Amino acid sequence: MKMSKLFVQTLRENPSDAEVVSHKLLVRAGYIRKLTSGVYNYLPLMWRVLKKIENITREEMDRAGAQELLMPFVQPQELWEESGRWGVYGAELMRLKDRHDRGMCLGPTHEEVITSIARDGLKSYKQLPVNLYQIQSKFRDEIRPRFGLLRGREFIMKDAYSFATNEEDLMKEYQNMAQAYKRIFERCGLETKMVQSDSGAIGGKISHEFMVITDTDAGENDVFYCESCDYAANSNHAVSKLPEVQTDGGFTKKEVVDTPETHSIEALSKFLNIPSSVILKSVLYIADSKPVLALIRADRQVEETKLMNAVLANEIRIAAAGEIEEIMSNHGFNAVAGFIGPNGLGDIKIVADETVKDMKNFVVGINQTDKHLVGANLSDIPEIKEYCDIRLCEAGDFCPQCGKPLKVTRGIEVGNIFQLGTKYSEPMNAVYTDIDGKNKPFIMGCYGIGISRTAAAAVEAHHDEHGITWPVAIAPYHVVIVPVNINDETQMQVAQSMYESLLKEGIEVVLDDRDERAGVKFKDADLIGFPYRITVGKSIAEGLVEFKIRNLEETVKIEPAQAVELLVEKIKEII
RNA sequence: CGGGAUGUAGCGCAGCUUGGUAGCGCACCUCGCUUGGGACGAGGGGGUCGCACGUUCAAAUCGUGUCAUCCCGACCA
């Protein structure tokens, strides 16, 4: 490709709406343009990157025995009603009507459709197990799309679905996919961690996520991991052993005390001169529009996804200050945030964390502003029926497997695998006939990779102050040849002949034949992120060109023929 | 859901207070000059100033509404 013809426009300045580096660089280097909120045009350079990630994914999925197909992007409401998700998926599901006023939606994921395909096409146990996948655009109407391709509304995803007759085969395929994923991300030049996670709206029991580890906020997930063993989990699922802390408040008598203006745990613990670990914290949440009171030892925080799962809700958020006062007054109390407690709340569901179990002679709110009860014990809170884990882990907690301290890092979720079981096959009556002649529901698994997000995550992981430093396997082109002065005949001749030699070898090469100053070409080359650069300049007088690897400082002067040979050798070993 | 800010050329921004024929830098086109890390000079093209309604002789500028974008908060009791 000649640079003069390449459809690309680099920008000198960052777009004003971009926050994270992948978004900034992909726009500046001319890979993407926003069409509307959370929806992007993939320009030619981007499309090349995406196709490469797709192809690596495709090759590894095929190698793992999966079969590719393509399902429709638009789906009928009825199918979603069969699975029961039409009602529960929420506003993220982009719903529309056709001209006959029939309900449709844009596919955010394809469990319903694939299940309908399976129930029509897979009739016998002899056809199983099977794994079907597609690579396609998805649409999820996110509340707040941001971070460019990392959290768009429309994005490209590889989604695979496996069907089996029993748990062992599901487990086998699950492991098979985990291996395939590892290879896919490795080939893309990405370091990932496989972590345990909550299975969320997709449903199912066991699930893992593949995270690209990054220290920036672009990683929207916190990952807890152990360096001594293989434990790693998303914060929404991580468990830990707790360090010893004081859980006995030491109060010798139970009494209500004045605690003016202690709206926070910090203020309360300071006022009473006690550690926060002897305070029982009561946090009011709204789960599916119903109030839920979470109880936890106050040196700890509530993990909302765990709480949501504990009360079997689909949506959860902390109650606003006004809501708290309103709910309090509905129960005959006059209390503001900071002073609420579990007693006397009638029908409000109460969920107590396991950290509460060991507390003695502690401090707790009693739904009266500026007052707390000290010296309380669990017998004073008959409202607690059971304990469960709704606690957010912290770095320094101990590994649940080996007991060593856990570390925490940010991660970008680029892939996930779920064991669905019969979550979809049962309600949708997707059955096969088993060897005993009986109809049984498929045991399903599903496996996703965010193709466009993987590309963005690769930029997050591979860039410097000058631009993108793509891994060779997913770079839009492998090499750029820069003749410093296109009016110099020798330079142009050498550049042109190297260009042709590389093309003949199947190397993806761009010849920067623009009549620009060298600085412009170098800046663009760095920004776009060609992994290799050949500069044809002054040293051509000695018959040499410069060979430079994008993410290394030094350049090497070698003969053109050698440069071609070297490039072919280096690139062929990766692609 | 609450608060704040911003919508002016493809991108980044000024102009708005005090209403009077819309500007700058980058990018784009032409010519000259230059050619090893985003040169320079001259000339040129491109914008219903987010949208609607209103005030006014006159609105980018004032008012009301609306839409969009971005940030912060959502809060840990």
Side-chain angles (χ1 to χ4, degrees), chain A residues 8-20 23-24 27-30 33-34 36-38 41 43 91 143-148 217 259 261-269 276 279-286 289 293-304 307 315-325 327-328 335-342 353 363-372 390-392 465-467 482-488 491-492 512 514-527 533 535-540 545-546 548 555:
Chain A
V8 63
Q9 167 98 69
T10 58
L11 302 177
R12 227 178 256 231
E13 278 157 308
N14 283 320
S16 61
D17 59 352
E19 253 197 295
V20 299
H23 188 189
K24 288 177 183 165
V27 173
R28 269 192 63 205
R33 267 302 165 90
K34 181 164 75 178
T36 182
S37 176
N41 287 307
L43 302 178
I143 315 171
R144 193 173 161 189
R146 54 178 154 181
F147 299 157
D217 277 349
T259 53
E261 300 295 320
T262 55
H263 294 277
S264 66
I265 289 290
E266 199 191 346
L268 179 61
S269 111
S276 56
I279 301 170
L280 176 63
K281 179 162 74 175
S282 313
V283 193
L284 193 63
Y285 282 86
I286 308 293
S289 64
L293 190 71
L295 303 180
I296 190 166
R297 210 175 69 198
D299 60 323
R300 288 295 171 152
Q301 299 190 11
V302 173
E303 210 305 306
E304 295 187 2
L307 177 61
E315 254 182 324
I316 198 156
R317 61 180 176 81
I318 201 145
E323 284 174 310
I324 294 176
E325 284 163 45
I327 290 164
M328 284 295 122
V336 298
F339 303 95
I340 61 177
D353 183 69
V363 178
V364 63
I366 48 170
N367 301 322
Q368 286 182 52
T369 298
D370 291 348
K371 290 197 192 310
H372 279 88
I390 54 168
R391 170 172 59 90
L392 178 66
E465 70 269 32
H466 303 297
V482 180
V484 168
N485 183 350
I486 65 160
N487 298 313
D488 181 314
Q491 286 185 20
M492 270 316 270
D512 196 344
R514 294 175 301 168
D515 188 9
E516 291 284 355
R517 296 163 69 87
V520 173
K521 299 189 190 184
F522 292 153
K523 288 284 183 196
D524 278 344
D526 287 348
L527 184 58
R533 188 178 84 200
T535 307
V536 186
K538 284 181 296 212
S539 55
I540 201 64
V545 297
E546 288 162 36
K548 183 173 183 305
T555 59

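Please read all numbers here as calculations on a predicted model, not as lab measurements.
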In whole Å, what is the span from the [atom1] atom of [X] to the [atom2] atom of [N]?
X      : N     : atom1 : atom2 : answer
A/E13  : B/G12 : CD    : C1'   : 4 Å
A/I486 : B/U34 : CD1   : C1'   : 13 Å
A/R28  : B/A27 : CZ    : P     : 13 Å
A/F522 : B/G37 : CZ    : P     : 8 Å
A/N14  : B/C11 : CG    : C1'   : 11 Å
A/E546 : B/G37 : CD    : P     : 11 Å
A/E516 : B/A27 : CD    : C1'   : 11 Å
A/E465 : B/G38 : CD    : C1'   : 15 Å

Could you check whether A/D17 pairs with A/K34 (Lys NZ or Arg NE/NH1/NH2 to Asp/Glu carboxylate O, under 4.0 Å)?
yes
Should A/D526 and A/R533 count as an ion pair when the cut-off is N to O under 4.0 Å?
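Yes, this pair counts.
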Which part of the nucleic acid, if any, lies within reach of [X] when heavy atoms closer than 4.0 Å are counted: base, sugar-phosphate only, or nothing?
X      : result
A/L527 : base
A/K521 : nothing
A/G365 : nothing
A/R514 : nothing

Determine whether a donor-acceptor pair (one donor, one acceptor, N or O, separation below 3.5 Å) exists between the side chain of A/N485 and the base of B/G36.
no
Please work out whether the ring planes of A/F339 and A/H263 are parallel, tilted or perpendicular, with thresholds of 30° and 60°.
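Answer is perpendicular, since the angle exceeds 60°.
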Validation row: A/I340, A/V283 side chains within 4.5 angstrom (heavy atoms)
no
Does any non-hydrogen side-chain atom of A/R300 lie less than 4.5 Å from one of A/D353?
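Side-chain contact under 4.5 Å: no.
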With rounding to whole Å, what would you report as the distance between [N] and [M] at their [atom1] atoms?
N     : M     : atom1 : value
B/C33 : B/A39 : C1'   : 10 Å
B/A52 : B/G10 : C1'   : 27 Å
B/A9  : B/G65 : P     : 26 Å
B/G3  : B/G20 : C1'   : 37 Å
B/G38 : B/C70 : P     : 33 Å
B/G63 : B/A77 : P     : 42 Å
B/C26 : B/C40 : C1'   : 16 Å
B/G46 : B/C1  : C1'   : 42 Å

Set out, in order, the CA-CA distance, both residues' side-chain angles and the distance that settles salt bridge (charged side-chain N to carboxylate O under 4.0 Å, His left out) for A/E323 and A/R317, then state yes or no.
CA-CA 12 Å; A/E323 284 174 310; A/R317 61 180 176 81; 2.8 Å; yes
Determine the minimum heavy-atom distance between [X] and [Y], stating which atoms define it.
X      : Y      : answer
A/E516 : A/K521 : O-CE, 3.4 Å
A/L307 : A/I390 : CA-CG2, 3.7 Å
A/P15  : A/K24  : CD-O, 4.2 Å
A/E261 : A/D370 : N-OD1, 3.1 Å
A/S37  : A/P145 : OG-CG, 3.3 Å
A/A29  : A/T10  : O-CG2, 4.1 Å

Could you work out which one of B/G36, B/G38, B/G12 sits closest to the side chain of A/P15?
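When the side chain of A/P15 is considered, B/G12 is the closest of B/G36, B/G38, B/G12.
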Using a 4.0 Å heavy-atom cut-off, write out nucleotides 70-77 of chain B from 5' to 3' as B (base contacted by protein), S (sugar-phosphate only) or - (no contact).
SSS-SSBB
Short N/O separations, protein against nucleotides 46-49 of chain B, under 3.5 angstrom:
none

Tell which nucleotide pairs with [N], taking only Watson-Crick or G-U wobble pairs whose two distances are both under 3.5 angstrom.
N     : answer
B/C31 : B/G41
B/G25 : B/C11
B/C57 : B/G20
B/C1  : B/G73
B/U64 : B/A52

Residue mapping more 5' on RNA chain B - nearest nucleotide basis, A/Q9 or A/N487:
A/Q9
